[in-house]
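Below: one structure, written as structure tokens.
Residue numbers start at 1 and run along the sequence shown.
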Amino acid sequence: PDYSLLKFRLPYNKEKYPTFNYLEGVIFFPIWAPQPSSETRLVVEKKSSSSNQRKREEEMADETGSREVCVVLQEQGIPRQLFEEILAPYAEVVWKVGDGANDTSRKDATVLVTVNTPVTRAVLDEYPALKALCVAFTGYGVHDVEACVERGITVHNVPDYSSSSVAELAIGLTLAVLREIPKGDAAVRSGDWVISSGGSDLRGKLVGIVGTGTIGIYCARIFAAFGCDLIGWSRSEKQEFKDLGGKYVSREELFSRADI
């Protein structure tokens, strides 16, 4: 198999898993692949899958002998049963999480899944047949990518997921502080009424954004729409931030000048 392109479908059962709609559209991109292809990405697609289709997928996996052994080092934020159902046609899932680890010597594991549990050289030594490391997270700095490169192991991460959700939460918390919403809520619940003049406006505030990556740009767009001025610091400058009226400054200047 081409480990620079891993793909599987996510079966969607609304009655069985009513709270996991957010799973749609998660995309893993390779950080490094030994043989990069033009479609180097692992795509999790949310689709309905008939029992006949799923049965055929399992039969195909058996026929081709391509069913992998996938060791999971960390909980994935969804029920284990759902995770196993997703991978059933393609891989045997073995959990090695905390005290409940049931993987002791899976030397035949070809795929390792983690979040921020470090994958070091010592961990890689436990899995000599490993072909792919999937980091279900944006950041991958805690993992030894160099060791993976040396061993020809494809490394994937998720560069963009829930970015708009994080940005919206940042805006919501900002408004809550400026408008004293938690204090007002507590006052109303206790039978009081007026506690202040209503806080202060977001418009006109100078917002400092540390890191103008995907989430930082999302935040910048929303703050700009509120009429805020923008300054930022990042390891690399983005034209999109400048196009929003943002100005790059040093970290020291950002923290000394920013209202937010």
Can you tell me how far apart [atom1] ([X]) and [atom2] ([Y]) are? Round to the nearest 0.5 Å.
X	Y	atom1	atom2	value
I153	L130	CD1	CG	4.5 Å
L202	D259	CG	CG	10.0 Å
L124	C148	CG	SG	4.5 Å
E92	D108	CD	CG	7.5 Å
K238	L244	NZ	CG	12.0 Å

Side-chain donor or acceptor of [X] paired with backbone N/O of [Y] under 3.5 Å:
X	Y	answer
S162	S165	no
H143	V119	yes
S256	E253	yes
S234	G211	no
N157	V135	no

## Note on the structure
Tracing side-chain contacts under 4.5 Å among Ile, Leu, Val, Met, Phe, Trp and Tyr outward from L173 reaches L169
## Note on the structure
Joining Ile, Leu, Val, Met, Phe, Trp and Tyr whenever any side-chain heavy atoms lie under 4.5 Å apart, the cluster holding I181 also takes in none
Any [X] side-chain heavy atom under 4.5 Å of [Y] side chain:
X	Y	value
C70	V113	yes
E126	K96	yes
T154	K131	no
L73	V97	no
I209	F241	yes
D229	K247	no

Return the minimal non-hydrogen interatomic distance between [X] and [Y], and the atom names on each side.
X	Y	value
E150	R121	OE1-NH1, 2.9 Å
I78	I86	CD1-CD1, 4.1 Å
E68	V111	CB-CG2, 4.5 Å
A129	K107	CB-O, 3.5 Å
A167	I215	CB-O, 4.4 Å
W95	Q74	CZ3-O, 4.3 Å

Just distance, no hydrogens or angles: give the donor-acceptor pairs under 3.5 Å from side chains in residues 217-225, sequence neighbours left out.
unit_1	atom_1	unit_2	atom_2	d
R221	NE	E240	OE2	3.0
R221	NH2	E240	OE2	2.6

### Task
Apply the test side-chain contact (heavy atoms from CB on, under 4.5 Å) to residues R235 and T212: give CA-CA distance (whole Å), side-chain angles for both, the deciding distance (0.1 Å), then the verdict.
CA-CA 8 Å; R235 287 178 297 181; T212 54; over 6 Å; no
### Task
Using the salt bridge (charged side-chain N to carboxylate O under 4.0 Å, His left out) rule, collect all pairs that involve residues 111-120, keeping only residues at least two apart or in two chains.
none
### Query
Which residues pass the side-chain contact (heavy atoms from CB on, under 4.5 Å) test with E237, sequence neighbours left out?
K242, Y248
### Query
Residues in side-chain contact (heavy atoms from CB on, under 4.5 Å) with S200, at least two apart?
L178, K205
### Query
Does the pair V72 and V93 meet the rule for a side-chain contact (heavy atoms from CB on, under 4.5 Å), with working shown?
CA-CA 7 Å; V72 185; V93 177; 3.8 Å; yes
### Query
In the single-linkage hydrophobic clustering (I, L, V, M, F, W, Y; side-chain heavy atoms under 4.5 Å), do L230 and V166 co-cluster?
no
### Query
Same hydrophobic cluster for V142 and V115, using side-chain heavy-atom links shorter than 4.5 Å among ILVMFWY?
no
### F226/V207 under side-chain contact (heavy atoms from CB on, under 4.5 Å): CA gap, chis, key distance, verdict
CA-CA 11 Å; F226 271 95; V207 177; over 6 Å; no
### Query
Any Lys/Arg nitrogen of D192 or K183 sitting under 4.0 Å from an Asp/Glu carboxylate oxygen of the other?
no
